[in-house]
Structure formats: structure tokens, C-alpha cells
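Read the numbers this way: they start at 1 and go in the same order the structure lists the ligands and their atoms.
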Amino acid sequence: MEPAELARSMLGWYDKHRRVLPWRALPGKTADPYRVWLSEIMLQQTTVATVGPYFEEFLRRWPTVADLAAADLDAVLHAWAGLGYYARARNLHKCAKTVAEQHGGVFPDNEEQLRQLPGIGAYTAAAVAAIAFDRRATVLDGNVERVMSRLFAVDEPLPGVKPKLRALADTITPDRRPGDYAQAVMDLGATVCIPRRPRCGQCPWHDACAARAAGIAETLPRKAAKAEKPIRRGMAFWLINPEGSVLLRRRPESGLLGGMIEVPSSDWLERAAPGLGAVQEQAPVEAAWRMLPGQVRHTFTHFHLELGLAAARFGPKDGDGWKRAEGIWVPVDRLSEHAIPTVMRKVVRHALGSV
Ligand code: SF4
């Protein structure tokens, strides 16, 4: 099939089988760039089902990009908790401010200018340009990579083969309805050209697909073997003052979980599980620390984390050494009012279940 014919058959399929999504405009309606951008940021490495309620809640609280720009960063991070990757939430807020302050509250309508905005990479710029502004842009997410690798029977492994897949995808991207076309290929990957047992009988590209013809569709795309994730270990310190409040602190602005609230902890290093003696000098204050049973485990993108938990409680007769601790004291029943990342929620749950 010629590229133009491939695009035409894909658009015909989309008109009949498009998914209904909260951020997607109805057929014939113009998409709202704010909704498209918000959904694309939320959807990175997360599923449609997970994002749905978050998307609705963000829109309810901040119906426009100007509202989001004016929001308190902590409130945004709090609303984001559970979607992971807090750097994205911080960039989301930064991007909203930039659009509000430097672009008069209107998103730029082309890939080049969109890419200048905080948190917008090649993929998101192409997706917003295509979906919100119907610009011709080649959108390459995991679904599109899978579809292209199969349509053209590309058997070199990801991620190295991405540029080739992008170039192939670009040959089909049409000038007419590029936004619908981008969403069509993503929908095909999500509902028909699925990782296992692709439903080739329902596919508009059935006759053109080289991998289907060769009987290798399910083996594509190939992926380079992943390196094992290392395990880092550390200790979290659960400190209670005489009023029954727990010590929290804010992480540095840059780096992992930047600016988020945490239960104070030691460095996280690749090593055997540290005993109290090895990390005591990183405790927030001198105290009668004791180990709690068990560990908290969490997996980040690049490593697994195992945290031991040390607890100490200052009673009314234990002096005021606790006042030397740096951070904020939060009553245990008000912890939920703070933007605490998932790993630290696990620490809190573990501590509350053990002390
Ligand atoms: Fe995917 Fe099958 Fe369609 Fe090929 S024919 S693009 S493998 S669903």
C-alpha cells in the first residue's frame, strides 16, 4: 500500500473505532490544548485507567492553564501524589507559569516553540502540536513504535532503532487530519496491535503488514536486554516529639523527589543493609533510637530501594533535644495534608503500624 492509502485506511478505521477519552475532543470538535498537554504529561509511563481520576481532579481544581499557573506548588504536588515522577509535576507547574506569563495564557501552536517549554520533550511537543493544533507532526510513543516495527517488520532492538521507526512513521503521517491520524495509530496500538496476540483480523493494515505476513508480529518490537536494577539501602528516622508530632523535612529542590516532603533518612547507597551504628550520625538529632522490625521497599526507575526504620520518641521528661532537629513537626493525624511521595507514605504506614 502507498503511504497515502495507509493513512486513509487508518483514518477510516479511527472514525469507526476511536476510543472515548476524557481529554479527547468529540469528532469534529477542536481539542483544548490545555487538556491535551495535561493528559500527555500525566500519561507518560502511566496507564489511561490510572490517569482518568487525576485528570478530572486537576481540571476541577484548575480549569485553565492560568488557574494552574496561579496554584500553590505544594497543592499541585499533593494532587499529583500517586502518579509518581514528581519532577514532571514540578515541570507541569513551571510550564503553566511560563505559558501564563510569557505566552498570554495561550499554548504555542507548533512543535518548535512547544519544545522550549519546561517538561516538554520531543514526544509531547509532537503530540500537542498534532492533537491540539492539527499540525503535521510525527508522534512516536510505545504504541506507535510497536505498530511501526510490525508494519515494516523491523527487527533491530529498541531503544537504538527509534530514529528508524520515527523516519518510517513520518513517511505515512498525512498532511490532512494529522491530529486524528496520530491518535488513530496510538489507539490501534492500544486496542488492536497489542503486545501479545495482536488482533490482526481487525486491523486496517492487515494486508500491508510485513510482520503479520511473515508470522513474526508477536515477536516485535525487539528490545535490548535491560541491565539489572541495583539495590540501594538506607535508614529512615521516625522521630516523635512530646506533643505527638512527627518530624518531616523538605528534600533539596534538585535531584530525586526534589522539593518533596520526606521522613528524614540517611543517604541511599548500594551497600549491605546499614545498622544503626553506620548511619546514626545522619539522624536528625541524638536520641535513644531503636530499630523497628521489617523494611520498606520501593522501586524507582533506575534502582530498588530498601529502607530500615529507626524510631525515637521524646516524652515530657526527656529534655528538649528534639528542638534541635531541622524540619517541620506535623501531627500524625494531619500527615495526609502534605504532599508526601509514595515511598515516604510507605515509610509512614510502616512506622505507624510498628510503634
Ligand atoms: Fe499489528 Fe497485526 Fe495490524 Fe500488523 S496486521 S499492524 S501486527 S495488528
Parallel, tilted or perpendicular, as decided by the 30° and 60° cut-offs, for the rings of W37 and F107: tilted
Number the atoms of ligand 1 from 1 as they appear, then name those within less than 4.0 Å of a heavy atom of A217, with their elements. 7 (S)
D170 side chain to T173 side chain, donor-acceptor N/O pair below 3.5 angstrom: no
Would you mind checking which non-hydrogen protein atom is closest to atom 2 (Fe) of ligand 1, with the distance to 0.1 Å? C200 SG, 2.3 Å
Within the 4.5 Å heavy-atom criterion, are L165 and F152 side-chain neighbours or not? no
From atom 3 (Fe) of ligand 1 out to just under 2.8 Å, does an N/O/S atom of C203 turn up? yes
Near atom 1 (Fe) of ligand 1, is there an N/O/S atom from C193 that is less than 2.8 Å away? yes
Mark yes when over 12 heavy atoms from residues, nucleotides or ligands other than K346 sit less than 6.0 Å from its NZ; otherwise mark no. yes
Hey, can you tell me if W205 and Y181 have their rings parallel, tilted or perpendicular (30° and 60° cut-offs)? tilted
Distance from atom 5 (S) of ligand 1 to nearest protein heavy atom, with residue and atom: C209 CB, 3.5 Å
Which of the atoms in ligand 1, numbered in the order shown and given with their element, are less than 4.0 Å from a heavy-atom of R150? 7 (S)
